[in-house]
Amino acid sequence: MKEETTGARTTGKHFIEDAIEADLASGRFDHVQTRFPPEPNGRLHIGHAKAISIDFGMAAEYGGKCNLRFDDTNPTKEETEYVDAIKEDIHWLGYDWEEREYYASGYFEQLYQWAVQLIKSGKAYVCDLGADQVREYRGTLTQPGRESPHRGRPVVENLDLFNRMRAGEFPDGARTLRAKIDMASPNLNMRDPVMYRIMRAHHHRTGDAWCIYPTYDYAHGQSDSIEGVTHSLCSLEFEDHRPLYEWFIRELGIFPSRQIEFARLNLTYTVMSKRRLLDMVEQDVVRDWDDPRMPTLSGMRRRGFPPEAIREFLKRVGVAKADTVIDYELLEHCVREDLNKRVPRVMAVLRPLKVVIENYPEDKSEEFDAVNNPEDPSAGTRKVPFSRVLYIEQDDFREVPPPKYFRLTPGREVRLRAAYFIKCTSVVKDETGAVTELRCTYDPATRGGDAPDGRKVKATIHWVSEAHAVEAEVRLYDHLFLKSNPDDAPEGLDWKSNLNPKSLETLTGCKLEPSLTGAKPGQRFQFERLGYFCVDPDSVAGKPVLNRTATLRDEWAKVQARMKAVG
RNA sequence: UGGGGCGUCGUUCAACUGGCAGGACCCAGGACUUUGGAUCCUGUUAUGAAGGUUCGAGUCCUUCCGCCCCAGCCA
């Protein structure tokens with residue numbers, strides 16, 4: 001029954017599947033309807049993607065539907081711009097709500113009528129306490145609250161006052177409508193929670209039609225009920241709210257949606273709260289919500305992460321109730337696994353070092369056929385031009401090679417990928433002693449990369465012909481934070497003290513092979529031996545900008561790190 | 001200290017509801033290699049603790065310990 005995936009062979013079903021199946025078996029519900037309820041006050045991140053995959057995934061698994069519903073009950077924080085961005089992100093991830101696009105604000109009138117109903121049945125009252133007083137009356141974790149002096153207000157008076165709240169007769173914050181439940185409840189959410197507040201703010205959908213707005217607690221469950229949501233799946237912090245969620249539905253006698261909570265996703269080396277992400281955007285720590293370093297879906301898209309990889313990642317992460325922090329490496333693994341299969345290989349030199357092949361004719365140039373993807377023969381080959389002057393990676397040459405270094409070094413022969421063997425004969429340096437150029441010779445008999453005499457080389461390096469190179473800007477990204485847990489900060493400092501000052505490195509003057517001419521934003525490549533790269537929207541004709549999506553796994557880097565660690 | 005949750009390899013998810021604790025990521029070796037990539041083998045490490053029930057406990061019972069969430073007119 002369960003879907004088999006490449007790496008995550010799952011056996012048992014998770015607790016939400018168990019619950020749904022039990023509900024179907026018992027007849028509590030005869031179908032499955034879910035919803036994804038974002039608040040349009042920021043961009044979606046990978047944590048939301050987990051919720052999306054669960055909400056849409058459970059509906060799909062049990063032949064049901066999933067609605068998109070914007071939870072827009074707080075006009076002071078919400079914007080249409082976010083609504084549009086959220087829709088784009090969900091579609092990009094690969095999910096579709098068809099015509100079922102709803103808004104909690106679309107239910108404002110019904111919610112108001114239900115509030116009137118609760119007032120009439122003596123379950124809600126208008127309270128004149130201010131915010132500070134409400135807090136005082138609420139009590140503490142260990143002490144019960146005190147009842148509001150307005151709790152016993154007669155129904156007619158409540159009706160009149162609530163009506164006048166809506167009519168705009170009172171200033172912001174002057175009164176609230178509260179549910180009459182139990183000020184002594186050990187669950188603070190049940191201590192007469194606020195249902196409506198007076199707030200003169202322009203709403204992105206209802207404009208200035210309302211000056212009172214329902215709170216999350218009063219709006220969410222009823223919205224679920226209106227939509228016939230059977231399973232309202234949300235994150236753990238709402239567990240305490242479930243009794244209230246059920247109380248409203250019961251008192252109103254409406255469709256009994258069931259709320260089930262799961263643990264939210266956390267990733268190492270990043271932060272996941274919208275508040276913090278917004279903070280980084282506003283403080284210009286990053287360029288915007290779609291900065292490729294951000295854990296937002298738009299950031300990951302720009303970074304070059306395929307949606308399929310994100311979905312596979314989410315599948316492997318699983319669904320449970322224990323607080324979790326997933327290794328960023330798992331995400332990276334899924335991205336590499338996906339890209340390795342699908343993306344064309346290409347040669348690019350990020351930090352160029354000039355190489356002159358002394359025995360290659362000055363006016364000559366030729367083309368080699370290079371394999372586009374060794375994982376996929378159907379991807380074919382492409383032509384790569386070769387000539388006397390080339391660029392190789394600075395890292396691929398060492399005048400004095402460290403132990404286990406296989407690449408080019410004076411007197412040593414290596415292979416230029418898909419071309420010839422070359423041997424370094426001499427080194428040209430500037431006044432400071434820095435290597436500026438290499439003089440090499442090539443062996444014409446090794447054309448294509450194999451020596452007829454059977455001799456082997458220890459390394460194959462990538463290269464780009466100077467005369468044919470496309471100049472590019474390349475942006476290298478690293479974790480936004482230095483520590484796997486950004487909150488692990490010294491006394492008196494906060495998460496921002498762990499920001500990685502080198503999370504972005506911009507390289508200019510990079511050399512790309514000419515087949516990249518005309519590459520469009522969003523196109524992805526593997527730069528051989530370097531990593532996966534994606535064309536950035538900042539690119540202009542003849543001046544491409546590439547984002548590094550992920551590096552390749554790098555044995556040499558590990559060897560170096562180990563040698564360094566040893567001393 | 002009130003209430004609500006959660007504790008299985010370093011990380012994450014499993015274990016047919018009492019029957020050999022398994023997979024993936026990470027890590028370490030090795031094979032292969034025209035990417036120090038990919039791929040393929042091999043390997044290390046876990047049931048928070050103590051009692052109890054039982055032929056047998058990750059699963060049941062008791063006690064303890066630890067971690068997370070809640071005192072917004074945010075969601």
Side-chain angles (χ1 to χ4, degrees), chain A residues 5-12 14 37-39 41 71 73-74 76-77 127 129-131 134-136 138-145 172-173 175-178 185-191 193-199 212-213 215-217 219-220 234-243 261 263 268 274-275 313 316-334 336-337 340-341 345 347 370-371 374-375 404-407 415-419 448-450 456-462 484 526-531 551-559:
Chain A
T5 64
T6 43
R9 190 168 343 117
T10 15
T11 47
H14 58 68
E39 183 188 12
N41 67 343
D71 227 331
T73 57
N74 185 353
T76 63
K77 299 186 172 182
C127 177
L129 258 26
V134 167
R135 191 177 315 125
E136 276 177 42
R138 185 156 32 227
T140 68
L141 293 179
T142 50
Q143 290 173 314
D172 285 9
R175 295 178 210 263
T176 55
L177 181 72
R178 296 225 257 161
S185 171
N187 181 345
L188 306 213
N189 294 120
M190 302 299 272
R191 319 244 262 228
V194 170
M195 296 164 58
Y196 274 92
R197 60 297 211 192
I198 304 174
M199 198 190 281
I212 57 172
Y213 290 94
T215 57
Y216 165 86
D217 281 313
H220 199 93
C234 62
S235 44
L236 249 29
E237 68 269 29
F238 293 104
E239 221 152 11
D240 285 346
H241 295 245
R242 193 180 344 122
E261 313 83 12
T268 55
K274 272 199 258 187
R275 205 209 98 236
F313 166 72
R316 295 195 192 197
V317 160
V319 179
K321 293 190 74 160
D323 292 326
T324 58
V325 183
I326 310 291
D327 284 338
Y328 186 87
E329 285 79 8
L330 180 59
L331 212 206
E332 208 164 39
H333 168 84
C334 293
R336 288 193 186 111
E337 181 181 64
N340 177 51
K341 286 181 300 197
R345 268 107 250 232
M347 289 196 283
V371 171
E375 304 294 316
K404 302 247 183 75
Y405 187 85
F406 303 152
R407 284 109 96 145
R415 172 166 40 233
L416 291 180
R417 168 121 245 225
D450 273 315
K456 301 287 184 205
V457 289
K458 287 278 271 183
T460 300
I461 65 175
H462 59 276
S484 69
Q526 183 196 102
F527 288 180
E528 292 220 35
R529 305 208 304 130
L530 296 175
T551 59
L552 252 24
R553 294 189 68 215
D554 189 347
E555 276 303 314
W556 171 237
K558 279 187 198 171
V559 170

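Computed from heavy atoms alone, side chains included, the values below leave out hydrogens, waters and symmetry copies. Each chain gets a letter, A, B and so on, in the order its sequence line appears, and its residues count up from 1.
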Categorize A:Glu528 for me: base, sugar-phosphate, or nothing, with a 4.0 angstrom heavy-atom threshold over every strand shown. base

Reading RNA chain B 5' to 3', what string of ( ), [ ], | and . shows its pairs, if Watson-Crick and G-U wobble pairs count only when both distances fall under 3.5 Å? .((((((..((((.....[..)))).(((((.......)))))....(((((..]....))))))))))).....

Base, sugar-phosphate, or nothing for A:Lys458, non-hydrogen atoms under 4.0 angstrom? nothing

Quick one: is B:G37 close enough that its OP1 or OP2 comes under 4.0 Å of any side-chain N or O from A:Arg345? no

Are any protein N/O atoms closer than 3.5 Å to N/O atoms in nucleotides 40-48 of chain B? If there are, list each pair with its distance.
none

Mind checking if A:Arg178 touches a base, just sugar-phosphate, or nothing, with heavy atoms under 4.0 Å? nothing

Nearest to the A:Thr142 side chain among B:C26, B:U1, B:A38, which nucleotide is it? B:U1

Does A:Gln526 reach a base, just sugar-phosphate, or nothing at all? Heavy atoms under 4.0 Å. base

For A:Val319, answer base if it contacts any base atom (sugar-phosphate contacts may also be present), sugar-phosphate if it contacts only those atoms, and nothing otherwise; contact means non-hydrogen atoms under 4.0 Å. sugar-phosphate

Strictly below 4.0 Å: does A:His333 bring a side-chain N or O up to OP1 or OP2 of B:C25? yes

Describe the nucleic acid contact of A:Phe527 in one word from base, sugar-phosphate, nothing, applying a heavy-atom distance below 4.0 Å. nothing

With a non-hydrogen cut-off below 4.0 angstrom, is A:Pro374 in contact with a base, only sugar-phosphate, or nothing? base

Hey, what are the protein-to-nucleotides 10-12 of chain B N/O distances that come in under 3.5 Å?
unit_1: B:G10; atom_1: N2; unit_2: A:Asp327; atom_2: OD2; d: 3.2
unit_1: B:U11; atom_1: O2'; unit_2: A:Val325; atom_2: O; d: 3.3
unit_1: B:U12; atom_1: OP1; unit_2: A:Val325; atom_2: N; d: 3.3
unit_1: B:U12; atom_1: O2'; unit_2: A:Val317; atom_2: O; d: 3.1

State, yes or no, whether a side-chain contact exists between A:Arg316 and A:His333 at a heavy-atom distance under 4.5 Å. yes

The criterion is side chain to side chain contact (heavy atoms under 4.5 Å, CB included); which residues satisfy it with A:Ala418, sequence neighbours excluded? A:Ala370

Who are the side chain to side chain contact (heavy atoms under 4.5 Å, CB included) partners of A:Pro186, not counting sequence neighbours? none

Would you tabulate the nitrogen or oxygen pairs shorter than 3.5 Å linking the protein to nucleotides 71-75 of chain B?
unit_1: B:A71; atom_1: O3'; unit_2: A:Arg138; atom_2: NH2; d: 3.3
unit_1: B:A71; atom_1: O2'; unit_2: A:Arg138; atom_2: NE; d: 3.1
unit_1: B:G72; atom_1: OP2; unit_2: A:Arg135; atom_2: NE; d: 3.1
unit_1: B:G72; atom_1: OP2; unit_2: A:Arg138; atom_2: NH2; d: 3.1
unit_1: B:C73; atom_1: OP1; unit_2: A:Arg138; atom_2: NH2; d: 3.3
unit_1: B:C73; atom_1: OP2; unit_2: A:Arg138; atom_2: NH1; d: 3.1
unit_1: B:C73; atom_1: N3; unit_2: A:Gly173; atom_2: O; d: 3.4
unit_1: B:C73; atom_1: N4; unit_2: A:Leu129; atom_2: O; d: 2.8
unit_1: B:C73; atom_1: N4; unit_2: A:Ala131; atom_2: N; d: 3.2
unit_1: B:C73; atom_1: N4; unit_2: A:Gly173; atom_2: O; d: 3.1
unit_1: B:C74; atom_1: OP2; unit_2: A:Arg197; atom_2: NE; d: 3.1
unit_1: B:C74; atom_1: OP2; unit_2: A:Arg197; atom_2: NH2; d: 2.7
unit_1: B:C74; atom_1: O3'; unit_2: A:Arg197; atom_2: NH2; d: 3.2
unit_1: B:C74; atom_1: O2'; unit_2: A:Asn74; atom_2: ND2; d: 3.2
unit_1: B:A75; atom_1: OP1; unit_2: A:Thr73; atom_2: OG1; d: 2.6
unit_1: B:A75; atom_1: OP1; unit_2: A:Arg197; atom_2: NH1; d: 3.3
unit_1: B:A75; atom_1: OP1; unit_2: A:Arg197; atom_2: NH2; d: 2.9
unit_1: B:A75; atom_1: OP2; unit_2: A:Tyr216; atom_2: N; d: 2.8
unit_1: B:A75; atom_1: O3'; unit_2: A:Asp71; atom_2: OD2; d: 3.4
unit_1: B:A75; atom_1: N6; unit_2: A:His241; atom_2: NE2; d: 3.3

Taking only Lys NZ, Arg NE, NH1 and NH2, and the carboxylate oxygens of Asp or Glu, determine whether A:Glu332 and A:Arg336 approach each other closer than 4.0 Å. yes

